[in-house]
Amino acid sequence: TLCIITAPVTMVIADQQNATFAFVALANVFCCYLSMALVFIPKVVFIVQHPGHDPREREDEDEKKKQEQEMKLKKILKENEELQKDIAEKDRKIDLLRKHLAMKKEIAEREAKEAER
């Protein structure tokens with residue numbers, strides 16, 4: 001719409017170069033300000049209406065969540081290692097008990113054979 005106004009006015013005052021230059025320059029500046037207003041005013045309005053939606057705060061919260069998750073991961077990995085050690089120890093004890101049981105069974109079988117003789 002600004003072109004519709006600027007072009008005819010420029011043609012009417014074409015013989016006055018200073019006036020033409022001033023009008024075109026002001027129209028150009030007005031167009032720039034209008035474009036910036038159309039882009040930035042909605043952003044400013046949104047920030048004023050929603051003060052808790054600052055992206056920098058969200059980055060801080062994301063960083064805190066990331067650190068908490070890393071701590072949880074380290075804790076779970078440490079607990080996993082401890083449980084694996086406990087399982088390995090219990091497996092070793094089970095093997096020892098099986099060997100002990102096998103030895104007792106073998107001794108009992110020998111004694112049963114000797115008792116039969």
Side-chain angles (χ1 to χ4, degrees):
T1 58
L2 198 59
C3 312
I4 297 172
I5 297 170
T6 306
V9 171
T10 304
M11 289 206 267
V12 169
I13 60 172
D15 56 338
Q16 299 174 4
Q17 290 182 353
N18 288 339
T20 304
F21 177 78
F23 184 74
V24 171
L26 289 174
N28 193 6
V29 170
F30 179 71
C31 286
C32 290
Y33 280 121
L34 183 64
S35 298
M36 287 191 292
L38 289 174
V39 171
F40 291 109
I41 287 179
K43 290 183 179 187
V44 171
V45 168
F46 180 82
I47 289 173
V48 168
Q49 289 177 350
H50 302 90
H53 286 85
D54 188 6
R56 293 170 291 190
E57 290 176 4
R58 201 172 310 139
E59 288 175 3
D60 292 341
E61 290 174 6
D62 290 344
E63 186 66 29
K64 288 178 184 178
K65 287 180 183 178
K66 183 179 176 183
Q67 289 176 353
E68 288 175 6
Q69 288 176 347
E70 287 176 0
M71 294 286 286
K72 286 180 182 178
L73 177 64
K74 287 179 184 180
K75 181 180 175 183
I76 289 171
L77 289 175
K78 184 177 179 180
E79 185 179 340
N80 188 20
E81 287 179 18
E82 291 173 2
L83 290 173
Q84 285 179 350
K85 287 178 185 177
D86 289 345
I87 290 171
E89 179 67 26
K90 292 189 190 264
D91 283 342
R92 188 182 64 76
K93 285 182 180 180
I94 289 171
D95 287 340
L96 286 174
L97 290 172
R98 284 184 180 160
K99 287 179 185 178
H100 186 66
L101 186 60
M103 287 175 53
K104 280 192 171 188
K105 189 175 182 181
E106 192 178 304
I107 292 172
E109 287 175 0
R110 280 188 206 158
E111 288 177 357
K113 285 182 185 178
E114 287 178 9
E116 288 176 6
R117 288 186 196 174

Under 3.5 Å, which donor-acceptor pairs do the side chains of residues 15-42 form with other protein atoms, sequence neighbours left out?
residue: Thr20; atom: OG1; partner: Ile13; partner atom: O; Å: 2.6
residue: Thr20; atom: OG1; partner: Gln16; partner atom: O; Å: 2.8
residue: Ser35; atom: OG; partner: Cys31; partner atom: O; Å: 3.0

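- The CD1 atom of Ile76 sits 10.5 Å away from atom CD of Gln69, with the distance rounded to the nearest 0.5 Å.
- Distance CD/Gln84 to CG/Asp91: 11.5 Å, rounded to 0.5 Å.
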Could you tabulate the donor-acceptor pairs under 3.5 Å formed by side-chain atoms of residues 107-115, not counting sequence neighbours?
residue: Arg110; atom: NH2; partner: Glu106; partner atom: OE2; Å: 2.6

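- In this structure, CE on Met103 lies 7.5 Å from NE2 on His100, to the nearest 0.5 angstrom.
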| task | Would you check, one step at a time, whether the test side chain to side chain contact (heavy atoms under 4.5 Å, CB included) holds for Met71 with Lys75? | result | CA-CA 6 Å; Met71 294 286 286; Lys75 181 180 175 183; over 6 Å; no
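- To the nearest 0.5 Å, atoms CG (Asn80) and CD1 (Ile87) are separated by 8.0 Å.
- Atom CD of Glu81 is separated from atom NZ of Lys85 by 6.5 Å, given to the nearest 0.5 angstrom.
- Residues forming a salt bridge (Lys or Arg N to Asp or Glu O under 4.0 Å) with Glu89 (at least two apart in sequence, or on another chain): Arg92.
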